[in-house]
2 protein chains.
Amino acid sequence: MNETQAVTALSALAHRHRLQIFRLLVVAGPTGVPAGEIAEAIGINPTALTFHLKELANADLATATREGRYVRYALHVDGMRRVIRYLTEDCCQGRKELCGLPTMRGRETCKPRAARERA
Amino acid sequence: MNETQAVTALSALAHRHRLQIFRLLVVAGPTGVPAGEIAEAIGINPTALTFHLKELANADLATATREGRYVRYALHVDGMRRVIRYLTEDCCQGRKELCGLPTMRGRETCKPRAARERA
DNA sequence: TGATTATTTCAATATTAGTTGAAATAATGA
DNA sequence: TCATTATTTCAACTAATATTGAAATAATCA
């Protein structure tokens, strides 16, 4: 993940409705949710919904799959993980006790990148 | 953390220079970095720097402490952790294998909130 | 095929966020 | 106190984002 991609992802999340949509997709998991159901849950009109879903998809945080006349949107898990990693990378120079950050798949998020890459 | 706070934090991060500043503070850890040093590292003018630092501080992602004529900015670790938690809460309905999310201080980020709170 | 439902596109408008330079405030040291 | 360095404030300007309604496209079903 590079800086531009990270800014795109964070911008996508930095909006009330898109954040609501994102969290809905996070909870829903890989099965996803049809657009119409999202619209109803969030309470916005179809034009706005399409606009916001596109922002999320463009930011690699969601995927779209057509199913007949519905389009089902799902969380793009890797996209989500990449942003978080980008934010927390190299934190506190690896002194985990200073930031209490989580571990990511067994590797310390908080370990300096160089050390992680040697491992 | 509520929705508004999360949007504020994500908006603060959703800018090239602020993201650079944030990551600088993440690496620096609790010691922080004087404003002037940040300006030099990022390469922006003092007015812009103040503007962006204020956004980060206002979003609870950074703190400012005056030290003589310098002002030292540091990462606000709890703020950072709260946004990440807000984003990943209740993911995949607790089926961690679906999202490969990190654990947060021993508690599964990916476990449903209700289950976490019972624990 | 024609009616219906779901989603997307387009263009106009409205809103919010970012940049700039000049001037103000804060602290230090000669 | 006066000169110097550090940071912040202010106001004008510029640029990027979001919202809206009407119309188009996609797919299903009678």
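Residue numbers start from 1 in every chain, and the chains themselves are labelled A, B, ... in the order their sequence lines are given, proteins ahead of strands.
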Rounded to the nearest 0.5 Å, what separation is found between the CZ atom of B:Arg85 and the CG atom of B:Asp90?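 If I round to the nearest 0.5 Å, the distance is 9.5 Å.
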Given side chains that start at C-beta, do those of A:Leu10 and A:Leu87 come closer than 4.5 Å, heavy atoms only?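 Side-chain contact under 4.5 Å: yes.
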Any side-chain N or O of [X] under 4.0 Å from OP1/OP2 of [N]?
X	N	answer
A:His52	D:dT17	no
A:Lys54	C:dT7	no
B:His15	C:dT19	yes
A:Tyr73	C:dT8	yes
B:His17	C:dG18	no

Measure the distance from [atom1] on [X] to [atom2] on [N] and round it to the nearest whole Å.
X	N	atom1	atom2	answer
B:Tyr70	C:dG29	OH	C1'	12 Å
A:Leu56	D:dA18	CG	P	11 Å
A:Leu53	C:dT9	CG	C1'	15 Å
B:Leu19	C:dA17	CG	P	18 Å
B:Arg69	C:dT28	CZ	C1'	4 Å
B:Leu10	C:dA17	CG	C1'	16 Å
A:Glu67	D:dT28	CD	P	11 Å

With the threshold set at under 4.0 Å for non-hydrogen atoms, list the residues of residues 31-49 of chain B touching DNA chain D in residue-number order.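 Contacts with DNA chain D under 4.0 Å: B:Ala35, B:Gly36, B:Pro46, B:Thr47.
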Under 4.0 Å between any heavy atoms, over every strand shown, what does B:Arg18 touch: base, sugar-phosphate, or nothing? Just pick one.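 Since only primed, P, OP1 and OP2 atoms lie under 4.0 Å of B:Arg18, the category is sugar-phosphate.
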Could you go step by step and tell me if A:Arg82 and A:His76 meet the side-chain contact (heavy atoms from CB on, under 4.5 Å) rule? CA-CA 10 Å; A:Arg82 278 196 278 263; A:His76 188 251; 3.8 Å; yes
With nearest nucleotides of DNA chain C determined for A:Arg66 and B:Phe51 from heavy-atom distances, which residue corresponds to the more 5′ nucleotide?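 Here A:Arg66 is the residue nearer the 5' end.
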Minimum-distance pair of heavy atoms, taken over all atoms of A:Met1 and A:Gln5: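 Closest pair (atom of A:Met1, atom of A:Gln5, distance): CA-OE1, 3.2 Å.
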What residues, two or more places apart in sequence or in another chain, satisfy salt bridge (charged side-chain N to carboxylate O under 4.0 Å, His left out) together with B:Arg16?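 B:Arg16: salt bridge (charged side-chain N to carboxylate O under 4.0 Å, His left out) contacts with A:Glu3.
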Treating Ile, Leu, Val, Met, Phe, Trp and Tyr as nodes and any side-chain heavy-atom pair under 4.5 angstrom as an edge, say whether A:Val27 and A:Ile84 lie in one connected cluster.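 Different clusters: A:Val27 never reaches A:Ile84 through Ile, Leu, Val, Met, Phe, Trp or Tyr contacts under 4.5 Å.
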Are B:Phe51 and B:Tyr73 linked, directly or through intermediate hydrophobic residues, by side-chain heavy-atom contacts shorter than 4.5 Å (ILVMFWY only)?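 Looking at the clustering, B:Phe51 is in a separate group from B:Tyr73.
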